[in-house]
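Some notes on the structure that comes next.
Throughout, numbering of the chain's residues begins at 1 and tracks the sequence. All heavy atoms count here, side chains included; hydrogens, waters and symmetry mates do not.
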Amino acid sequence: MAPIPENQQQALVSRLMKACGGAYTPETRRKYFISGPQWAAAYQGQALFHAPTRPAIGFEEIIRRYADIGIGYWATHDTDVIPTEILGTEGQWEIVSRIRKALSDHGVHCSMVTTETFYHAVWAAGPAAESPGVREYAKLRVRNTVDIGHELGASFAVYWPGSLGYFVQGAIDETSSLRWYADAINAACDRDVDVAARKNRPTLKHCLEAKPFEPQAEILLPTTDAMLAFISSGLLTRPEMVGVNPEYLHELMWGAAPRAALARALLAGKLFHFDINDGYRLKHDVDIGVGLVNPLDWLNVLVLLRSHGYNGPFNLDYKPPRTTSQFGVFEVSFPTAVDRFITLWEMAGEVLSDPIVKEATDALKVGGPKAPTHDAAAVTAANYELLTLHELIAHRLVQILLGLHRGRVFSIPSGT
Ligand code: GLC
Ligand code: MN
Ligand code: MN
């Protein structure tokens, strides 16, 4: 193959993208509660140790591109769109009205707002620092985000306290930091109740998001389970307004089974919002596009969510790789992430109605014949052969994932 001239590379990418097939129309994509975060499309590929590979891009263009793709919802941090210096001022509201216009021009809805409490130097000791001044500022910021959320028509507010922790131990008392962090969440909920009443809108759903490490070395609330315990610790004044926003990869990062972590949040009635992406166990936050690493696990996750009627947002919290160009972000990265999600979601529906999975699951639940309860050997024998169905079900899930359940086999030449 001859070298490809620069001016023909985009056309090549587009041609191969079309040849891939399997794309849904924007109308179909809009039927799902999929949100595109401002920060995902604006990410310039500048992770730690890396210079940016893509130019800066603003919210107007991102909202327009999301609309073209068929991503019906948009989410943002306060400082993704408003410079820190003008937060809470007149200048902020001018930007917010430009955002409202962009959203309405393109038929996109703002689903979620979140406060950046990790990047600016003011958060060096975290949002629940010892200094009362920092903590008052943190309250101002989360209250302001609630105001912005109502103005943009959002339904969810997310909190990722990634800087609630430390590099060196001993300086802070963790119990105080957690109380102070609760004060900030309480301030946001109080403000929400006031603003919602004034605007005649429902209150927001406040969602805590955990990550086991990064950017602090040790994090005080590292897992979704820790968040659930925090919500019911008695520190929150309005715990009924607060739930969780698990991120798939953040659970994998500490070695969890994401499906089991989600099940625990479902049982607690706290699964409000879900960040979808992919990556590797026990590694850093690589934020790879959903389904590119663990499609089988993803299928399993979606089977669980479908069978429990989860109806919250699926937020595309991933970072297009730094090898993907700006053109590629909207031509390849977002449409394929959305389409893999839709395919896996529909496939999860297929799993739930698959006659083999159904019969095997029902058989496991009904169990073998009744045996004397006190006799362990008899109870074992009564169910013994049925337990092979666990592996059969797992095999069936892989068949459905790979399309083998439709009879696809490979023809192996004889003699090899
Ligand atoms: C940051 C985190 C991301 C989180 C978001 C919301 O961008 O990396 O995981 O969902 O903040 O606050
Ligand atoms: Mn996230
Ligand atoms: Mn992440």
Side-chain angles (χ1 to χ4, degrees), residues 112-115 117-118 123 125-147 149-150 154-166 169-197 202-213 216 218-247 250-251 254 256 260-275 308 310 312:
M112 180 271 266
V113 287
T114 174
T115 312
T117 55
F118 45 90
W123 311 125
E130 298 94 322
S131 162
V134 172
R135 300 201 308 267
E136 279 311 305
Y137 180 69
K139 287 185 201 161
L140 176 148
R141 284 285 296 273
V142 293
R143 287 188 188 114
N144 185 56
T145 302
V146 166
D147 294 352
H150 278 288
S155 311
F156 299 87
V158 164
Y159 305 85
W160 170 56
S163 58
L164 184 67
Y166 38 63
Q169 235 165 11
I172 64 156
D173 169 356
E174 290 82 348
T175 65
S176 304
S177 308
L178 290 169
R179 282 178 202 287
W180 290 331
Y181 190 65
D183 291 344
I185 302 297
N186 291 338
C189 291
D190 288 349
R191 173 66 140 253
D192 187 10
V193 169
D194 290 350
V195 181
T203 54
L204 307 176
K205 289 187 146 194
H206 297 256
C207 316
L208 304 177
E209 177 178 344
K211 177 156 89 161
F213 39 88
Q216 297 292 27
E218 297 290 351
I219 307 258
L220 301 195
L221 294 168
T223 63
T224 298
D225 299 295
M227 291 303 187
L228 292 174
F230 180 69
I231 293 168
S232 52
S233 66
L235 295 175
L236 297 183
T237 48
R238 302 179 190 272
E240 70 287 353
M241 291 174 68
V242 185
V244 293
N245 172 39
E247 177 175 312
H250 294 175
E251 297 305 315
W254 67 269
L262 290 161
R264 296 188 291 269
L266 279 169
L267 267 184
K270 291 297 190 186
L271 186 62
F272 288 2
H273 197 278
F274 185 26
D275 276 1
H308 288 273
Y310 170 77

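- For the salt bridge (charged side-chain N to carboxylate O under 4.0 Å, His left out) test, no residue two or more places apart in sequence or in another chain qualifies with Arg179.
- Arg143 pairs by the salt bridge (charged side-chain N to carboxylate O under 4.0 Å, His left out) definition with nothing, not counting sequence neighbours.
- Qualifying ring pair (Phe, Tyr, Trp, His ring centres under 6.0 Å) partners for Phe230, counting only residues two or more places apart in sequence or in other chains: none.
- Put simply, NE2 on His273 and CE on Met112 are 4.0 Å apart, with the number rounded to the nearest 0.5 Å.
- With sequence neighbours excluded, the residues forming a side-chain hydrogen bond (donor to acceptor under 3.5 Å, both in side chains) with Glu174 are Tyr166, listed by chain and number.
- Taking Asp194 as the reference, nothing meets the salt bridge (charged side-chain N to carboxylate O under 4.0 Å, His left out) condition, with sequence neighbours excluded.
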Q: List the steps and the verdict of side chain to side chain contact (heavy atoms under 4.5 Å, CB included) for Cys189 and Thr237.
A: CA-CA 9 Å; Cys189 291; Thr237 48; 5.8 Å; no

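- Going from atom CG of Leu235 over to atom CG of Asn186 covers 8.0 Å, rounded to the nearest 0.5 Å.
- Residues satisfying the salt bridge (charged side-chain N to carboxylate O under 4.0 Å, His left out) test with Asp147, not counting sequence neighbours, are Arg191.
- Taken from CG in Leu221 to CG in Leu228, the straight-line distance is 11.0 Å, to the nearest 0.5 Å.
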Q | Val142 and Ile185: CA distance, side-chain angles, deciding distance, side chain to side chain contact (heavy atoms under 4.5 Å, CB included) verdict | A | CA-CA 8 Å; Val142 293; Ile185 302 297; 5.9 Å; no

Could you list the donor-acceptor pairs under 3.5 angstrom formed between side-chain atoms of residues 132-141 and any protein atom two or more places apart in sequence or on another chain?
residue	atom	partner	partner atom	Å
Arg135	NH1	Ala129	O	3.0
Arg135	NH1	Glu130	O	2.6
Glu136	OE2	Lys139	NZ	3.1
Tyr137	OH	Arg141	NH1	2.9
Arg141	NE	Asp78	OD2	2.9
Arg141	NH2	Asp78	OD1	3.3
Arg141	NH2	Asp78	OD2	3.0
Arg141	NH2	Glu116	O	2.9

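- Among residues two or more places apart in sequence or in another chain, the side-chain hydrogen bond (donor to acceptor under 3.5 Å, both in side chains) test is passed with Thr175 by Asp173.
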Q: Dump the intermediate steps for side chain to side chain contact (heavy atoms under 4.5 Å, CB included) on Arg264 and Thr224, then the final yes or no.
A: CA-CA 9 Å; Arg264 296 188 291 269; Thr224 298; over 6 Å; no

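- Residues Pro127 and Ser163 are in side-chain contact: their nearest non-hydrogen atoms beyond the backbone lie under 4.5 Å apart.
- Contact annotation: the side chain of Val193 approaches that of Met241 to within less than 4.5 Å [non-hydrogen atoms, C-beta and beyond].
- Trp160 is not listed as a side-chain neighbour of Asp275, based on a closest heavy-atom distance of 4.5 Å or more.
- Under the rule for a ring pair (Phe, Tyr, Trp, His ring centres under 6.0 Å), Trp180 has no partner lying at least two apart in sequence or in another chain.
- With rounding to the nearest 0.5 angstrom, the CG atom of Leu236 is 7.0 Å from the CG atom of Leu208.
- Taken to the nearest 0.5 Å, the CD atom of Glu251 stands 12.5 Å off from the NZ atom of Lys211.
- Atom CZ in Phe272 sits 15.0 Å away from atom CD in Glu209 (nearest 0.5 Å).
- Under the rule for a ring pair (Phe, Tyr, Trp, His ring centres under 6.0 Å), Tyr181 has no partner lying at least two apart in sequence or in another chain.
- Residues satisfying the ring pair (Phe, Tyr, Trp, His ring centres under 6.0 Å) criterion with Tyr159, sequence neighbours excluded, are His206.
- With sequence neighbours excluded, no residue forms a side-chain hydrogen bond (donor to acceptor under 3.5 Å, both in side chains) with Thr114.
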